[in-house]
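Structure first, commentary second.
Letters A, B, ... mirror the listed sequences (proteins, then strands); counts begin at 1. None of these values were measured; they are calculated from a predicted model.
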Protein chains: 2
Amino acid sequence: MQILASAIQMPAAFALRGAMSGGVPQTLRKGEELFAEGDAADWFYKVVTGAIRTSKLLSDGRRQIGAFHLAGEIFGLEAGENHRFTAEALAGATVLAYCRTCLEPSARDGGALREEVLASAIRSLDRAQEHMLLLGRKTAQEKVAAFLLDMADRMPDGNGQFELPMPRSDIADYLGLTIETVSRTLSQFTRDGLIRLPAASRSIELCNLQALRQLNV
Amino acid sequence: MQILASAIQMPAAFALRGAMSGGVPQTLRKGEELFAEGDAADWFYKVVTGAIRTSKLLSDGRRQIGAFHLAGEIFGLEAGENHRFTAEALAGATVLAYCRTCLEPSARDGGALREEVLASAIRSLDRAQEHMLLLGRKTAQEKVAAFLLDMADRMPDGNGQFELPMPRSDIADYLGLTIETVSRTLSQFTRDGLIRLPAASRSIELCNLQALRQLNV
DNA sequence: CGCAACTTTGAGAAGAGTCAAGACTGGTGG
DNA sequence: CCACCAGTCTTGACTCTTCTCAAAGTTGCG
């Protein structure tokens, strides 16, 4: 669990421009923290490029990653005053920051943003429901298979070959497993011919989609 | 997994009145299904009295309950055309049904409902994040302790004594455990003096809140 | 009162976790 | 260009929590 000293702070000039133009651009380096659990939730965000992970920690360090957010997704909007989870960049990423007040009915854009935020919240809730089913009721094999199929769907690369943007530890904390179990399961899948791990251990080729889908109950 | 033949269908007259007055009242008997995974999502709902459980099934019958919705909560709004989970009444319950089109910007109430729905969606997302942490990273003891504290908070009854509105099987499917593990954990808590189970096995008294909170990491 | 649904308890099995060691990768600097 | 090093990943042996299967005990409704 790495915590970088400070995220890039928002220059005031930018904030002003952003409020008018639809979001303040912000660039994040690999691993950089956008906000932490407990921070004031004055802004929420939309991913432009790269990927963001949102996570929660228990006091003894156990971590659960709630979602990996890719381009176009909105996250970080809260019911209360503070963020309820941490958001960090997986690799380099760019986001647009929106001030919370932009959502108020009086906002200049006539509520178009609010529309988009509601749609996004509902989609996130969908995903969360699906993920709770995975966390609560699926076996390690089913979890990993579901993860691979989901990533293959969402990553632009074609033909079942793609590069995972996160280390095993993130996959484990996303799936509610240990890194050893993730690793062993991937090895098993390789032995069974379901996938191939060509040298660089972050790249994955899905060889037997049918078998993987069968595991994805 | 019980599936009742049919939910009460909405009379047309009611639908008309509801669209104007802010929701069509609907009464559910114990165990009755409000909608099932895959049903057309033309309506969404707000709980008035009682409690609703929302759940998803795997093809082999494994079930995950995503949430128990109590009075005031909104649920059942979808991104797509169909419901992505099933909603059933725990005991008797009454809800208000809202047609999805009531959310459109042109709606008569000027968007007040949309406001409420967005706030509710964000709260649900909060809860879902918290529940993913529980499902993915907590032990059986921690899960049950968290559940008891949450229910004690949300049930109106005072002094740490209350009646659980659901059977053990629902608790298990909510916490990602088996009913045996839930039962054993409750027995252990009783032996350790954390709770008391006075005769009727649905009622619970929390005796040692401090110890329970300590388990709720 | 009787029965069905629910709950508890026990014994044994198994899936996933823990601890430990070794292999690989990719970047850095000599 | 190669050697080294930190971080990451894989593998093995063993443990343990939770699940499974089975049976008996309760509860509450009809």
query: When the ring planes of A:Tyr174 and A:His131 are compared, do they come out parallel, tilted or perpendicular, using 30° and 60° as the limits?
result: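 Parallel: the ring planes of A:Tyr174 and A:His131 meet at under 30°.
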query: With side chains defined as the heavy atoms from C-beta onward, is the minimum distance between B:Phe147 and B:Val182 less than 4.5 Å?
result: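 They are not in side-chain contact.
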message: If you define the side chain from C-beta out and look only at heavy atoms, does anything of A:Thr86 sit under 4.5 Å from A:Lys56?
response: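 A side-chain contact under 4.5 Å is absent here.
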What is the distance from [atom1] of [X] to [atom2] of [N], rounded to the nearest Å?
X: B:Arg168; N: C:dA5; atom1: CZ; atom2: C1'; value: 13 Å
X: B:Glu142; N: C:dG17; atom1: CD; atom2: P; value: 14 Å
X: B:Asp173; N: C:dT7; atom1: CG; atom2: P; value: 12 Å

- prompt: Taking the six-membered ring for Trp, is the centroid-to-centroid distance between B:Phe75 and B:Phe44 below 6.0 Å?
  reply: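 Centroid separation for B:Phe75 and B:Phe44: 6.0 Å or greater.
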- prompt: Hey, would you say the B:Tyr45 and B:His69 ring centroids sit under 6.0 Å apart?
  reply: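 No, they do not, as the ring centres are separated by 6.0 Å or more.
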message: Are there over 12 heavy-atom neighbours, none belonging to A:Arg202, within less than 6.0 Å of that residue's CZ?
response: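 For A:Arg202, atom CZ is crowded (more than 12 foreign heavy atoms under 6.0 Å).
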message: Is it true that, when you exclude A:Arg154 itself, more than 12 heavy atoms of the residues, nucleotides or ligands shown sit nearer than 6.0 Å to its CZ?
response: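 Yes, because the 6.0 Å sphere around CZ of A:Arg154 holds more than 12 heavy atoms from other groups.
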- request: May I ask you to decide whether B:Asp60 forms a salt bridge with A:Arg137, counting only side-chain N to carboxylate O separations under 4.0 Å?
  value: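 Not counted as a salt bridge, because no side-chain N and carboxylate O are separated by less than 4.0 Å.
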message: Any salt bridge linking B:Glu116 with B:Lys46? Criterion: basic side-chain nitrogen under 4.0 Å from a carboxylate oxygen.
response: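 Salt bridge flag = yes for B:Lys46 with B:Glu116.
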- request: May I ask you to decide if B:Ala36's main-chain N or O and B:Asp39's side chain share a donor-acceptor pair within less than 3.5 Å?
  value: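 Yes.
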- request: Please check if the side chain of A:Thr190 supplies one atom and the backbone of A:Leu186 the other of a donor-acceptor pair under 3.5 Å.
  value: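 Checked: pair present.
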message: Among B:Glu142, B:Gln141, B:Lys138, which residue satisfies the side chain to side chain contact (heavy atoms under 4.5 Å, CB included) criterion with B:Asn216?
response: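 Running side chain to side chain contact (heavy atoms under 4.5 Å, CB included) over B:Glu142, B:Gln141, B:Lys138 with B:Asn216 returns exactly one hit, B:Lys138.
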Identified side chain to side chain contact (heavy atoms under 4.5 Å, CB included) partner of B:Gln26 from the options B:Leu96, B:Thr94, B:Leu34: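 Testing B:Gln26 for a side chain to side chain contact (heavy atoms under 4.5 Å, CB included) against B:Leu96, B:Thr94, B:Leu34 leaves exactly one candidate, B:Leu34.
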Would you tabulate the pairs of protein nitrogen or oxygen atoms and nucleotide nitrogen or oxygen atoms of nucleotides 23-29 of chain C closer than 3.5 angstrom?
none

query: Which residue pairs satisfy the salt bridge (charged side-chain N to carboxylate O under 4.0 Å, His left out) criterion with at least one member in residues 119-128 of chain B, sequence neighbours excluded?
result: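 Every pair satisfying salt bridge (charged side-chain N to carboxylate O under 4.0 Å, His left out) with a residue in residues 119-128 of chain B: A:Arg84-B:Asp126, B:Arg127-B:Asp150.
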- request: Give me the one residue out of A:Glu73, A:Glu88, A:Glu32 that meets salt bridge (charged side-chain N to carboxylate O under 4.0 Å, His left out) with A:Arg53.
  value: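 Going through A:Glu73, A:Glu88, A:Glu32 one by one, the salt bridge (charged side-chain N to carboxylate O under 4.0 Å, His left out) with A:Arg53 is satisfied by A:Glu88 alone.
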message: Quick check on contacts: within residues 131-141 of chain B, what sits under 4.0 Å from DNA chain D by heavy-atom distance?
response: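 Nucleic-acid contacts, sorted: B:Thr139, B:Ala140.
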query: Heavy-atom contacts under 4.0 Å between residues 177-189 of chain B and DNA chain D, which residues?
result: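 Listed by number, they are B:Leu177, B:Thr178, B:Glu180, B:Thr181, B:Arg184.
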task: Give the first and the last nucleotide of DNA chain D, reading 5' to 3', that has any atom under 4.0 Å from a heavy atom of chain B.
output: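 Listing 5' to 3', DNA chain D meets chain B from D:dT18 to D:dG28.
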Angle between terminal axes - the helix from C:dC1-D:dG30 to C:dG30-D:dC1, 5 pairs each end, rounded to 10°: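 Both end axes considered, the difference amounts to 40°.
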